[in-house]
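Pasting a structure below so you can have a look.
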Amino acid sequence: MAADERNMPFIKHLASSDRKIRTSALGTLRTYLSAPTTARKLTDLDHMKLWKGLFYSVWMCDRPVPQQNLCAELAALLSILPTPSDDEGAVVIPFLRAFWATLSREWTAIDVLRMEKYLLLVRRVFGASLAWVGEGKRTRKEARWTGTRAVRLLQLLEEWPLESTGDLAKVPVGLRLHVLDIWVDEVKRLELLEEGGEEGQDNGGKEFLDKIRAIVEVQTRSTCKPVKARAKESLADDRLPWNGATSLDHDAVDNDRNGQDGWDGFND
């Protein structure tokens, strides 16, 4: 059963033109979402309503610094959502699904003057989503970047921002391109590109990164030329481990050529 809207009156206040009212509503929402008894009862429709309010909260927010702070605060909501022991993604994944569904629905209606703050919002939420995977509880046999959280988030990425069927009506080109632009930055921020894992141990990061790679590779077969090109470009990023050896080989060849082409004068 959907949550009674009388218990969530703060939703309409999230889109208020008054900054103080929006700030107060966000605080109320934070308290509401952190309660396990209420958060897990929320339906997909409830999450969509919440994100519609949050979308317009960003819409109404002016000036760069407040916009940056708000985007960080919305991404931080993931850290206070309950993670039930029987299913750690029971609350977080529906919340994120509603985020991507809302941004996909509204993306083409965002004007150029407001687009920058939504680009930042996507970056912050995407980064927080990856961080959520690494913060999960795990058994002795499980590595940091494996387990239920990793599986559920990867499934969500295939379902929404990088959905695999190429349905541009579901996920607009612009949103896909932005995710393809930022994913390498965000995995690097979480040190997923570092070799050897934590303290030289395999923390599952390579496996997780390889699965993200597989999802992005699907986009290289897109019928949309910009998406196809951007996906290939992101996979060729020099920071990615599978491009490291190639880069070093090219550097070595260049050095050899420079040595051969140089002239040190006549030999005595």
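All values reported here derive from a predicted model rather than from experimental measurement.
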- Task: Please answer whether the main-chain N or O of Gly134 pairs with a side-chain N or O of Arg144 as donor and acceptor at a distance below 3.5 Å.
- Result: yes

- Task: Verify the cluster assignment for Ile80 and Leu74: are they in a single hydrophobic cluster under the rule of side-chain heavy atoms below 4.5 Å apart?
- Result: yes

- Might you point out which heavy atoms bring Gly89 and Pro94 nearest each other, and give the distance in Å? O-CD, 3.4 Å

- Message: Using the rule given for side chain to side chain contact (heavy atoms under 4.5 Å, CB included), can you reason through Trp59 versus Asp111, listing the C-alpha separation, both sets of side-chain angles and the distance that settles it, and then say yes or no?
- Response: CA-CA 10 Å; Trp59 186 280; Asp111 59 81; 3.8 Å; yes

- Note on the structure: Rounded to the nearest 0.5 angstrom, the NZ-CG distance for Lys49 and Leu42 is 11.0 Å

- Item | Salt-bridge criterion met for Lys170 and Glu163 (N-O under 4.0 Å) | no

- Separation between CZ (Arg189) and CD1 (Ile182), nearest 0.5 Å, reads 9.5 Å

- Can you check whether Arg230 reaches Lys225 side chain to side chain, under 4.5 Å on heavy atoms? no

- Note on the structure: Between Gln219 and the options Lys232, Arg176, Lys228, the side-chain hydrogen bond (donor to acceptor under 3.5 Å, both in side chains) test singles out Arg176

- Query: Is a side-chain N or O of Lys117 found less than 3.5 angstrom from the main chain of Gln68, in a donor-acceptor match?
  - Reply: no

- Once you round to the nearest 0.5 Å, how far does CG of Leu29 lie from CG of Leu77? 6.0 Å

- Task: Look at the side chain of Arg149 and the backbone N and O of Trp132, then say whether any donor-acceptor pair between them is shorter than 3.5 Å.
- Result: yes

- Message: Would you say that Leu70 contacts Leu26 through its side chain, given a criterion of any heavy-atom pair below 4.5 Å between the two side chains?
- Response: yes

- Item | Sole residue of Thr220, Leu162, Leu177 in side chain to side chain contact (heavy atoms under 4.5 Å, CB included) with Val227 | Leu177

- Message: Using ring-ring contact (aromatic ring centres under 6.0 Å, His included), reason through Tyr118 and Phe55 one step at a time and then give a plain yes or no.
- Response: CA-CA 9 Å; Tyr118 286 103; Phe55 177 89; 4.6 Å; yes

- Kindly compute the distance separating CZ (Arg124) from CD (Glu186), expressed to the nearest 0.5 Å. 7.0 Å

- Message: Is there a path of hydrophobic side-chain contacts, each under 4.5 Å between heavy atoms of I/L/V/M/F/W/Y residues, joining Val179 to Leu240?
- Response: yes

- Note on the structure: Smallest heavy-atom separation, Ala231 atom then Leu180 atom, equals N-CD1, 3.9 Å

- Short N-O contact, Lys188 and Asp185, less than 4.0 angstrom: no

- Message: In the structure I gave you, are the side-chain heavy atoms of Trp242 and Arg213 within less than 4.5 Å of one another anywhere?
- Response: yes

- Do the side chain of Ser16 and the main chain of Lys12 share a donor and acceptor less than 3.5 angstrom apart? no

- Message: For Trp145 and Glu207: C-alpha separation, side-chain torsions, deciding distance, then whether side chain to side chain contact (heavy atoms under 4.5 Å, CB included) applies.
- Response: CA-CA 8 Å; Trp145 296 98; Glu207 179 184 349; over 6 Å; no

- Message: Quick one: does any side-chain atom of Asn243 pair with a main-chain N or O of Leu235 as donor and acceptor, under 3.5 Å?
- Response: yes

- Task: Kindly indicate whether the side chain of Asp46, heavy atoms from C-beta on, has any atom under 4.5 Å from the side chain of Lys41.
- Result: no

- Message: Using the rule given for side chain to side chain contact (heavy atoms under 4.5 Å, CB included), can you reason through Leu130 versus Phe208, listing the C-alpha separation, both sets of side-chain angles and the distance that settles it, and then say yes or no?
- Response: CA-CA 10 Å; Leu130 297 179; Phe208 185 68; 4.0 Å; yes

- Task: Run the salt-bridge test on Arg152 and Asp87 with the 4.0 Å N-O cut-off and return the result as yes or no.
- Result: yes

- Query: Is a donor on one side and an acceptor on the other found under 3.5 Å between the side chain of Thr23 and the backbone of Arg19?
  - Reply: yes

- Spacing of CG belonging to Leu14 relative to CE belonging to Met60, to within rounding of 0.5 Å: 12.0 Å

- Message: Quick one, Ser104 with Leu175, criterion side chain to side chain contact (heavy atoms under 4.5 Å, CB included). Give me CA distance, side-chain angles, the key distance, then yes/no.
- Response: CA-CA 7 Å; Ser104 295; Leu175 183 54; 3.4 Å; yes

- Task: Grab the two heavy atoms, one from Pro172 and one from Thr108, that are nearest each other, plus how far apart they are.
- Result: CB-CG2, 4.3 Å

- Quick one: does Trp51's side chain have a donor or acceptor within less than 3.5 Å of a partner on Phe95's backbone? yes

- Is it true that Val173 and Ile215 fall in one hydrophobic cluster, defined by side-chain heavy atoms closer than 4.5 Å? yes

- Taking every heavy atom of Ala75 against every heavy atom of Ala128, the minimum-distance pair comes out as O-CB, 3.6 Å

- Task: Would you give the length of the straight line joining atom OG1 of Thr148 to atom CG of Leu153, rounded to the nearest 0.5 angstrom?
- Result: 12.5 Å

- Starting from the C-alpha separation in whole Å, work towards a yes-or-no answer on salt bridge (Lys or Arg N to Asp or Glu O under 4.0 Å) for Asp210 and Lys206. CA-CA 6 Å; Asp210 284 343; Lys206 182 180 183 302; 3.1 Å; yes

- Query: Given side chains that start at C-beta, do those of Leu81 and Ser34 come closer than 4.5 Å, heavy atoms only?
  - Reply: no

- Decide if atom CD of Glu217 counts as having more than 12 heavy atoms of other residues, nucleotides or ligands within a radius under 6.0 Å. yes

- Message: Between Thr102 and Ala98 (side chain of the first, backbone of the second, donor and acceptor by atom type, cut-off under 3.5 Å), is there such a pair?
- Response: yes

- Task: State, with a plain yes or no, whether a side-chain heavy atom of Met115 is found less than 4.5 Å away from one of Trp107.
- Result: yes

- Check: Val58 main-chain N/O paired with Gln67 side-chain donor or acceptor under 3.5 Å: no

- Note on the structure: Correct closest heavy-atom pair for Val91 and Ala39 would be CG1-CB, 4.0 Å

- Query: Same hydrophobic cluster for Leu96 and Leu119, using side-chain heavy-atom links shorter than 4.5 Å among ILVMFWY?
  - Reply: yes

- Do you know which two heavy atoms are closest between Pro84 and Arg40, and how far apart they sit? CB-NH1, 3.2 Å

- Message: Between Leu209 and Leu156, is there shared hydrophobic-cluster membership here, with clusters defined by ILVMFWY side-chain heavy atoms closer than 4.5 Å?
- Response: yes

- Validation row, ring centre Trp160 to ring centre Phe99 under 6.0 Å: no

- Query: Going by atom types alone, do Ser234 and Asp237 pair a side-chain donor with an acceptor below 3.5 Å?
  - Reply: no

